[in-house]
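The chain is numbered in sequence order, starting from 1. These numbers were taken from a predicted model, which means no experiment stands behind them.
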Amino acid sequence: MTSEESDVSQGLISTTSPIGRALLGSRSATVATVVTPNGKRELEVLKLTTIHDVLEEGIAGEDGVAG
């Protein structure tokens, strides 16, 4: 997601932000270390959804099968 499309209040984080860069390659139920201007912070990843996940869910039919 680009910085223009990001909206933190809705959980939409740009991959170019410090948090977005730290989360790249992360999985749910892990801890990501983010380096911010205020120092290092550890964030627990509760749920991580990519745009690919959202698109796949939108394509899936009522039976949950894509296509």
Side-chain angles (χ1 to χ4, degrees):
M1 156 158 319
T2 66
S3 57
E4 292 83 17
E5 298 170 314
S6 66
D7 185 348
V8 175
S9 66
Q10 294 192 21
L12 305 174
I13 301 170
S14 170
T15 55
T16 60
S17 71
I19 293 174
R21 287 192 307 270
L23 292 175
L24 289 175
S26 294
R27 303 259 184 243
S28 295
T30 61
V31 174
T33 301
V34 181
V35 179
T36 69
N38 293 327
K40 288 185 181 181
R41 300 189 70 175
E42 290 189 346
L43 303 176
E44 182 180 3
V45 181
L46 301 176
K47 180 179 179 184
L48 189 65
T49 305
T50 67
I51 192 167
H52 303 288
D53 298 331
V54 172
L55 290 174
E56 187 174 294
E57 288 174 9
I59 295 171
E62 286 183 22
D63 57 2
V65 178

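For Asn38, the side chain to side chain donor-acceptor pair (under 3.5 Å) criterion is met by no residue, not counting sequence neighbours.
Closest non-hydrogen pair, Val34 versus Ala22, comes out as CG2-CB, 3.5 Å. Of all heavy-atom pairs between Leu48 and Arg27, the closest is CD2-N, 4.4 Å. Closest of all the heavy-atom pairs between Arg21 and Thr15 is CG-O, 3.2 Å.
Ile19 and Val35 fall into different hydrophobic clusters, defined by Ile, Leu, Val, Met, Phe, Trp and Tyr side-chain heavy atoms under 4.5 Å apart, directly or through other members.
Taking the side chain as every heavy atom from C-beta outward, Ile13 and Ser6 never approach each other to under 4.5 Å.
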